[in-house]
Amino acid sequence: MATMAGKQILLEGMLAEGVRYMFGNPGTYELPVMDALQDYPQIQYILALQESSVVSAADAYARVSGEVGVAQLHITVGLGNGIAMLYDAWRGGYPVLVFAGQQDSRLLVQEPGLYSDMVRTTRQFTKWSTEVAGTANIPLVLRRAFKEARSHPRGPVFLSFPFDTLVESADVEIAPGGRPYTSVRPDPEAVEAAVELLVHARRPLLVVGDGVGKARAWEQAVALAELIGARVHTTGMTSLVNFPTAHPLYLGSMNFASAEGQSVLAETDVLVAVGAAPFPVQRPGGSAVPKGLKVIQVDVNPWEVAKNTPVDLGIQADPRWALRDLAEAARRRISSPEWREAEDRKAEVRKLKEQQRDAAQRAVEGRWNARPISGARLLREIQEAAPKDKIIVHEAFGDRPALEATMDLEPGSFYGLAGGGIGWGMGATIGAKLAAPDHPVIGIVGDGSAMYSIQALYTAVRHKVPVVWVIFNNQSYRILKVNMLSQLGETARESQFIGMDFADPKLNFEKMAQSFGVDAVRVEEPQDIRPALQRALGAGKPFLVDVVVDGALDRPF
């Protein structure tokens, strides 16, 4: 036992849990922690000038490193600024510890300035949220927070520290909580029941979600797909690479409630979804699941299994264990005729893949020299200019279909926005680089998204984080226009797209970056893309490439 002030107990506990970085933006009620940090050089404080960048950087650090990302926010108002990014971490299921100061607990009954019930505010967006009651409880609460963040299903946690708990002293013992091993292996009976469906399937479909990527179960997913001859899709805008995108059985993301998705399902007899909700939202007035389709769903989180639609077989299990056990059982059960059928299906899917890639290539080449620059060409140029070990951080919604059509992505090379709260990409690029310092990290960010957290430029310069941002500058919220046309339909009157254009005044990210001390270049001509990217990737310091891209709505993707 040792007598320490609460601020020391907090930092000692973080050291015991292996914390290297604290992403933060300080305020008055966090000053005890800020004062104590000078005695803990093992924890580097990464200053961000707006709280959304604090949380997004911690989120991306957690994703790439596999460790808990730590975000320090200011009481109430600072938390309010960071809440959208906390929502993203919650929707994605990423382990982030967010903490904030609170008014002195002896004053709370008076409802002093900046006080609010932050636990109630954050409870809906966290696995666990609590306010520390007494300095002596800090070690226990901190261990529990790290345990909850790391345990399946992973997710963010929130701690509120009243001012008195940080300045008063207590006799405590500091010890790490230990690494929880919470992977669940599937029930053997469930595996056999699933395999009975899969080995006899005539048109199997494998749907992989972020649960596969988080479990690092890519090899197991590939093995099962190849064994049973299944076409492979992801659902919606996944935030990780959950299957090698160049693999001949992978046919991209799919909204199964759409006409195209329904067409695919009409030809499917068995669908197995692993770490994914194949039908995240049902169509109003009817089910998206065709009659006769057998659905197997595997997820480490039992809440997700059959959450929106009934399934024929629901399995709570870690995706890595589940995929491995399914493949092993199928290998034992599959007969020679079934093996030949699987080979025939694989040949058919490979042909579809080749047609898909040929069509994408023609679309890219058809607009190769277009001005404004084609987003698809820009993505192809990034892929060819950047080293193979690059990491892409992506928040350019309007060009996500182009990314899927033009870039070959390996597992661990891509991280995207999980929840839909925009402003994530600028700070996330910094967090990813700190987690993977030996990899080139490129943030692909839309102009609208970048303006939510442009202050991240300062953080990269201050802490000498050599990231590259490529801004897709189409002077608009293009994704909103696309969505509006989708909602209104082709026969609707032409919309003025009120509030969706930045044409007057135009956004110039080159000048904005330079004002923060970030080297930058603006690209308007297609032939200037490659030299600009090469300069940025070779700079060895923060660099921004502001590319004027096509915002038209009638392009192929």
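Dense packing is recorded around CZ of Arg143, with more than 12 heavy atoms of other residues, nucleotides or ligands lying under 6.0 Å away. For Glu189, the CD atom sits in a loose shell: 12 or fewer heavy atoms of surrounding residues, nucleotides or ligands are nearer than 6.0 Å. Atom OH of Tyr452 has 12 or fewer heavy atoms from other residues, nucleotides or ligands within 6.0 Å. Counting non-hydrogen atoms of neighbouring residues, nucleotides and ligands closer than 6.0 angstrom, the CD atom of Glu260 reaches no more than 12 such neighbours.
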request  = Take Arg357 and Asp408, measure what salt bridge (charged side-chain N to carboxylate O under 4.0 Å, His left out) needs, and give me the verdict at the end.
outcome  = CA-CA 11 Å; Arg357 293 175 73 89; Asp408 291 334; 3.2 Å; yes
message = Would Val441 and Tyr415 count as a side-chain contact (heavy atoms from CB on, under 4.5 Å) here? Give the steps.
response = CA-CA 11 Å; Val441 176; Tyr415 299 88; over 6 Å; no
Chi angles and distances behind the side-chain contact (heavy atoms from CB on, under 4.5 Å) call for His152, Val184 = CA-CA 9 Å; His152 292 303; Val184 179; over 6 Å; no
task = Take Lys353 and Leu251, measure what side-chain contact (heavy atoms from CB on, under 4.5 Å) needs, and give me the verdict at the end.
result = CA-CA 6 Å; Lys353 178 75 169 186; Leu251 296 178; 4.0 Å; yes
task = Take Arg400 and Glu404, measure what salt bridge (charged side-chain N to carboxylate O under 4.0 Å, His left out) needs, and give me the verdict at the end.
result = CA-CA 6 Å; Arg400 178 64 183 266; Glu404 293 192 0; 3.5 Å; yes
inquiry  = Evaluate Arg185 against Arg324 for side-chain contact (heavy atoms from CB on, under 4.5 Å), listing each step before the verdict.
reply    = CA-CA 10 Å; Arg185 193 164 186 173; Arg324 190 173 78 173; 4.2 Å; yes
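Note on Glu267 versus Arg231: no salt bridge recorded, every NZ/NE/NH1/NH2 to OD/OE distance being 4.0 Å or above. Between Glu338 and Arg333 there is no salt bridge, since none of the side-chain N atoms of the basic residue sits less than 4.0 Å from a carboxylate O of the acidic one. Between Glu131 and Arg120 there is no salt bridge, since no side-chain nitrogen of the basic residue lies less than 4.0 Å from a carboxylate oxygen of the acidic one. Between Arg63 and Asp59 there is a salt bridge, since a side-chain N of the basic residue sits under 4.0 Å from a carboxylate O of the acidic one. Classification of Glu354 and Arg350 as a salt-bridged pair fails, no side-chain N sitting under 4.0 Å from a carboxylate O. We find that Glu341 and Arg202 are joined by a salt bridge, their nearest charged nitrogen and carboxylate oxygen being less than 4.0 Å apart.
Ser413 and Glu410 are not linked by any side-chain donor-acceptor pair at a separation below 3.5 angstrom, with hydrogens and angles left out of the test. Side chains of Ser453 and Ser52: no donor on one and acceptor on the other come within 3.5 Å.
For the side-chain contact (heavy atoms from CB on, under 4.5 Å) with Lys294, the qualifying choice from Val272, Thr268, Val270, Val311 is Val270, the only one to do so.
Looking at heavy atoms from C-beta onward, Leu10 lies in side-chain contact with Leu142 at the 4.5 angstrom threshold. Side-chain contact check for Gln297 versus Thr309: every heavy-atom pair is 4.5 Å or farther apart. Inter-residue side-chain proximity for Thr130 and Leu159 is flagged as met; some heavy-atom pair is nearer than 4.5 Å. The shortest distance between side-chain heavy atoms of Tyr61 and Val70 does not fall below 4.5 Å. Using a 4.5 Å heavy-atom threshold, the side chains of Val470 and Ile382 count as touching. Counting heavy atoms from C-beta outward, Val191 and Leu326 have side chains that approach closer than 4.5 Å. Side-chain atoms of Leu434 and Ile430, non-hydrogen and from C-beta on, do get closer than 4.5 Å to each other. Looking at heavy atoms from C-beta onward, Val274 lies in side-chain contact with Leu206 at the 4.5 angstrom threshold.
Of all the heavy atoms in Gly69 and Ala62, the pair that sits closest is N-CB, 3.7 Å. Closest non-hydrogen pair, Asp269 versus Pro204, comes out as OD1-N, 3.7 Å. Phe146 and Val19 make their closest contact through CZ-CG2, 3.7 Å (heavy atoms, listed as atom of the first residue, atom of the second, distance). Scanning both residues, Ala217 and Pro319, for their nearest heavy atoms gives CB-C, 4.1 Å. The two residues Ala145 and Val157 have their closest heavy-atom pair at O-CG2, 3.7 Å. Residue Pro290 comes nearest to Leu265 through the heavy atom pair CG-CB, 3.7 Å, listed as atom of the first residue, atom of the second, then distance.
Within the model, atoms CD1 of Ile442 and CD of Gln383 stand 10.5 Å from one another, a figure rounded to the nearest 0.5 Å. Atom CG of Leu409 is separated from atom CD1 of Ile391 by 12.0 Å, given to the nearest 0.5 angstrom. Note that the CG atom of Asn81 and the CG atom of Leu73 stand 9.0 Å from one another [nearest 0.5 Å]. The distance from atom CD of Glu17 to atom CG of Leu97, rounded to the nearest 0.5 Å, is 9.5 Å. A distance of 15.0 Å separates CZ of Phe23 from CD of Glu51, quoted to the nearest 0.5 Å. Remark: Thr238 OG1 to Leu417 CG distance equals 11.5 Å, nearest 0.5 Å.
Between the side chain of His233 and the main chain of Gly252, a donor-acceptor pair closer than 3.5 Å is present. No donor-acceptor pair closer than 3.5 Å links the side chain of Gln220 to the backbone N or O of Ala327. A donor-acceptor distance shorter than 3.5 angstrom exists from the side chain of Asn242 to the backbone of Gly213, with no hydrogens or angles considered. One N or O on the side chain of Thr135 and one on the backbone of Thr165 form a donor-acceptor pair closer than 3.5 Å. Of the possible polar contacts, none joining the Asp299 side chain to the Val305 backbone as a donor-acceptor pair under 3.5 Å is found. Judged by distance alone, with hydrogens and angles left aside, the side-chain atoms of Lys214 form no donor-acceptor pair with the main-chain N or O of Pro153 at under 3.5 Å. A donor-acceptor pair under 3.5 Å links the side-chain atoms of Asp88 to the main chain of Gly420, judged by distance alone. Ser486 places no side-chain N or O within 3.5 Å of a backbone atom of Val482 that could act as its donor or acceptor partner. With hydrogens and angles ignored, the 3.5 Å screen pairs no side-chain donor or acceptor of Lys127 with any backbone N or O of Arg154. A distance-only check finds a donor-acceptor pair linking the side chain of Trp218 to the backbone of Val241 [under 3.5 Å].
For Glu348, the salt bridge (Lys or Arg N to Asp or Glu O under 4.0 Å) test picks out Arg203, with sequence neighbours left out. When the side-chain hydrogen bond (donor to acceptor under 3.5 Å, both in side chains) test is applied to Ser449, the partners found at least two apart in sequence or on another chain are Glu395. Glu219 meets the side chain to side chain contact (heavy atoms under 4.5 Å, CB included) test with no other residue; sequence neighbours excluded.
Using the six-membered ring where Trp is involved, Tyr250 and Phe243 have ring planes that are parallel, under 30° apart on the 30 and 60° scheme.
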